[in-house]
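Structure first, commentary second.
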Amino acid sequence: MKPLPPQSELELFERAQAISGLSLAQLAQAAGVDVPKNLNRDKGWTGQLLEWHLGADAGSKPVPDFEDLGIELKTIPIDIHGKPLETTYVCVAPLTNITGQTWQSSPIRIKLNRVLWIPILAERQIPVTDRIIGYPILWSPSEEEDRNLQADWEELMDMIALGRVNQITAKTGEYLQIRPKAAHSRIKTAGIGHDGKMVETLPKGFYLKKNFTQKILLNIVNS
DNA sequence: GCATGATCATTA
DNA sequence: TAATGATCATGC
């Protein structure tokens, strides 16, 4: 009995509150699925389990998890101190046909417009079954956060547009980074070469660095 | 290959 | 030991 999609932001948040403090074993049992021994071959398992419980309806469609509400769901692994253990994938980084793109209308900005963050106490030493759901955070970027992301985005997009995509590393950008996003390192997609001609390159995605997501997690404490 | 969901594991 | 670069599952 998968929950129906929530009809309002409040209803979604209340559902998220209701499952905070529960273990992944409890959520898995309620959903009628088995808990994998590790996430080695089930890296998206936790996220999909939470989608089930909260009634996300988008499936694998390129739309927000809660389509009618325009809200994206993100689980984020944290340690006992509340610090993020991993960066957060947002969306693919466009590598061609990017002239004229603006931050205002970029897919990444739209995707981050409203996000329900669900921390998961997920230190590697903790068995998957014993990992605990944290308190949810319903978030939209502050003006400062938006400016910070825009600055990194413009730097990264400039490099892509100028044919410097192969000079981008995970170190580029203060809060937003670009890293590989592919099944393996032999996957190729089109990009812009140093001479302006098309070249094959590894597909890449935008990721929020831990220093950015940590601020989001801390804001709830201060507000 | 690209979109969804991310974490793994080697390197620095 | 944290961060970077690589990788895993699934559907179309």
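Hydrogens, waters and symmetry mates are skipped; everything else that's a heavy atom, side chains included, is used. So you know, we letter chains A, B, ... as the sequences are listed, proteins then strands, and number each from 1.
- The base of dA9(B) lies close enough to the side chain of Arg124(A) for a donor and an acceptor atom to sit less than 3.5 Å apart.
- Per the geometry, CG belonging to Leu202(A) stands 9 Å off C1' belonging to dG5(C), to the nearest Å.
- Contacts of Ala182(A) with the nucleic acid, taken as non-hydrogen atoms under 4.0 Å apart, include base atoms.
- Ion pairing of Glu67(A) with Lys61(A) is present here, as a side-chain N (NZ or NE/NH1/NH2) and a carboxylate O approach within less than 4.0 Å.
- Lys209(A) contributes a side-chain N or O that, together with a main-chain N or O of Gly173(A), makes up a donor-acceptor pair within less than 3.5 Å.
- Atom-to-atom, CG of Leu208(A) to P of dT4(C) comes out at 14 Å; the value is rounded to the nearest Å.
- In terms of position along DNA chain B, the nucleotide closest to Pro203(A) lies nearer the 5' end than the nucleotide closest to the other residue of the pair Thr88(A) and Pro203(A).
- Across the interface with DNA chain C, nearest-nucleotide mapping of Ala183(A) and Lys209(A) shows Lys209(A) to be the residue nearer the 5′ end.
- In terms of polar N and O atoms assigned as donor or acceptor, the side chain of Lys204(A) never comes within less than 3.5 Å of the base of dG5(C) in a complementary pairing.
- When each of dA3(C), dA6(B), dA9(C) is scored by its nearest atom to the side-chain atoms of Lys210(A), the top-ranked nucleotide is dA3(C).
- Residue Gln177(A) places at least one side-chain N or O closer than 4.0 Å to OP1 or OP2 of dT4(C).
- Under 3.5 Å, the side chains of Thr87(A) and Arg179(A) contain a donor-acceptor pair of N or O atoms.
- Residue side chain Lys181(A) reaches the base of dT4(B) through a donor-acceptor N/O pair under 3.5 Å, judged by distance alone.
- Under the 3.5 Å distance criterion, with hydrogens and angles disregarded, no donor-acceptor pair is assigned to the side chains of Tyr207(A) and Lys181(A).
- Inspection of the Glu72(A) and Trp117(A) side chains reveals no N or O donor paired with an N or O acceptor under 3.5 Å.
- The shortest distance between the side-chain N/O atoms of Thr75(A) and the OP1/OP2 oxygens of dG5(B) is not below 4.0 Å.
- Side-chain atoms of Tyr89(A) stay outside donor-acceptor range of the base of dA3(B), with no qualifying N/O pair under 3.5 Å.
- Whole-Å rounding puts the Leu73(A) CG to dG5(B) P distance at 8 Å.
- At least one donor-acceptor pair closer than 3.5 Å links the side chain of Glu145(A) to the backbone N or O of Ser142(A).
- Considering only side-chain N and O atoms, Thr46(A) lies nowhere under 4.0 angstrom from the phosphate OP1 or OP2 of dG5(B).
- When heavy atoms are screened at a 4.0 angstrom cut-off, Glu72(A) is found touching the sugar-phosphate backbone but no base atom.
- Computed from coordinates, the Phe206(A) CZ to dT4(C) C1' distance equals 17 Å when rounded to whole Å.
- The residue Lys111(A) sits close only to the backbone: its heavy atoms come under 4.0 Å of sugar-phosphate atoms, none of a base.
- Nucleic acid contact class of Gly44(A) (heavy atoms, under 4.0 Å, all strands): base.
- Ranked by how close their nearest DNA chain B nucleotide is to the 5' end, Ala190(A) and Tyr207(A) are led by Ala190(A).
- In this structure, the NZ atom of Lys74(A) is 8 Å from the P atom of dT4(B), given to the nearest Å.
- As rounded to whole Å, 14 Å separates atom C1' of dG11(C) from atom CD of Glu51(A).
- For the pair Glu86(A) CD and dG5(B) P, the interatomic distance rounds to 17 Å; values are reported in whole Å.
- For the pairing with Trp153(A), the side-chain contact (heavy atoms from CB on, under 4.5 Å) check across Ile108(A), Ile178(A), Asn148(A) returns one residue only, Ile108(A).
- Looking at heavy-atom distances under 4.0 Å, Pro180(A) makes contact with a base.
- Summarising the geometry, the separation between CG on Asp65(A) and C1' on dT4(B) is reported as 9 Å, rounded to the nearest angstrom.
- At the phosphate of dA9(B), OP1 or OP2 sits under 4.0 Å from a side-chain N or O atom of Asn40(A).
- The phosphate of dG5(C) has neither OP1 nor OP2 within less than 4.0 Å of any side-chain N or O from Arg179(A).
- Donor-acceptor pairing under 3.5 Å, judged by distance alone, is present between the side chain of Lys43(A) and the base of dT7(C).
- Taking only side-chain atoms of Thr189(A), from C-beta outward, the nucleotide of dC2(B), dG5(B), dA6(C) with the closest atom is dC2(B).
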